[in-house]
Amino acid sequence: MEQIITCINCPVGCRMQVCVENGEVISVSGNSCNRGVAYARQECVAPMRMVTAVVPVRASRMPVSVKTRAPIPKERIFDCMHALSELSLTAPIHMGDVVCADVCHTGVDVIATKTVE
């Protein structure tokens, strides 16, 4: 099966043709660098995404922005967002604090991206 994808690793945005057979990438063309090949192999077999969100902080008008420390499997995004919606955070929260360890058993922590006093 052939897929056409756009690489998002750099501003060039190469349109690549990726041939996948039995869940394995057979060939990649249209990329202008090796990062495109790596992206195509991951995206067509096991897509991963960073998740960003905001979470309310009790007794604060300001929510805290959060993100996954690393990409998680794309199919786990909604589970991750549900887990974040159930958080009950209390200030102070500092940038880099882990607000949800091992979100949805992915092995990836969710961290605060700003400080809320």
Side-chain angles (χ1 to χ4, degrees):
M1 173 177 72
E2 187 172 286
Q3 297 179 28
I4 305 292
I5 65 171
T6 301
C7 182
I8 60 171
N9 274 324
C10 76
V12 174
C14 295
R15 301 258 312 147
M16 300 182 294
Q17 295 176 316
V18 184
C19 183
V20 179
E21 291 181 9
N22 299 321
E24 186 177 326
V25 174
I26 304 302
S27 66
V28 178
S29 62
N31 56 297
S32 59
C33 69
N34 287 336
R35 290 189 314 173
V37 174
Y39 174 76
R41 291 187 181 284
Q42 180 215 310
E43 183 63 17
C44 292
V45 176
M48 305 282 278
R49 297 289 185 274
M50 293 292 289
V51 175
T52 61
V54 293
V55 176
V57 178
R58 273 187 264 125
S60 174
R61 292 180 43 208
M62 278 301 259
V64 64
S65 55
V66 299
K67 70 172 190 164
T68 52
R69 193 182 299 269
I72 63 170
K74 185 178 175 182
E75 69 269 9
R76 301 303 307 269
I77 291 173
F78 289 111
D79 297 333
C80 176
M81 293 301 288
H82 180 73
L84 295 177
S85 74
E86 294 187 338
L87 288 180
S88 181
L89 301 178
T90 305
I93 299 167
H94 298 96
M95 185 179 344
D97 284 354
V98 174
V99 299
C100 184
D102 188 21
V103 66
C104 301
H105 307 291
T106 59
V108 176
D109 296 335
V110 176
I111 60 171
T113 61
K114 72 174 189 175
T115 296
V116 176
E117 295 292 337

So, taking the atom named OG in Ser65 and the one named NZ in Lys114, what distance separates them when rounded to the nearest 0.5 Å?
5.5 Å
Nearest 0.5 angstrom please: Cys100 SG to Leu87 CG, how far?
5.5 Å
[X] versus [Y], closest heavy-atom pair with distance:
| X | Y | value |
| --- | --- | --- |
| Cys7 | Gly36 | SG-CA, 3.9 Å |
| Pro71 | Met50 | N-SD, 3.3 Å |
| Ile5 | Ala40 | CD1-CA, 3.8 Å |
| Cys80 | Val103 | SG-CG2, 3.8 Å |
| Cys44 | Val25 | CB-CG2, 4.3 Å |
| Pro47 | Val45 | CD-C, 3.9 Å |

Taking NZ, NE, NH1 and NH2 as the nitrogens, is one of them in Glu43 or Arg49 under 4.0 Å from a carboxylate oxygen of the other?
yes
[X] side-chain N/O to [Y] backbone N/O, donor-acceptor pair under 3.5 Å:
| X | Y | answer |
| --- | --- | --- |
| Asp109 | Val98 | no |
| Arg69 | Ile111 | no |
| Arg58 | Ser88 | yes |

Got more than 12 heavy atoms from elsewhere within 6.0 Å of CD, Glu86?
yes
Taking C-beta and beyond as the side chain, do [X] and [Y] meet within less than 4.5 Å on heavy atoms?
| X | Y | value |
| --- | --- | --- |
| Ile4 | Arg15 | yes |
| Met48 | Pro73 | yes |
| Arg76 | Met81 | no |

Identified side chain to side chain contact (heavy atoms under 4.5 Å, CB included) counterpart of Val51 within the set Thr106, Val66, Thr68, Val110
Thr68
Shared hydrophobic cluster, [X] / [Y] (ILVMFWY, side-chain heavy atoms < 4.5 Å):
| X | Y | value |
| --- | --- | --- |
| Met16 | Ile26 | no |
| Val28 | Ile8 | yes |
| Val116 | Leu84 | yes |
| Val99 | Met95 | no |

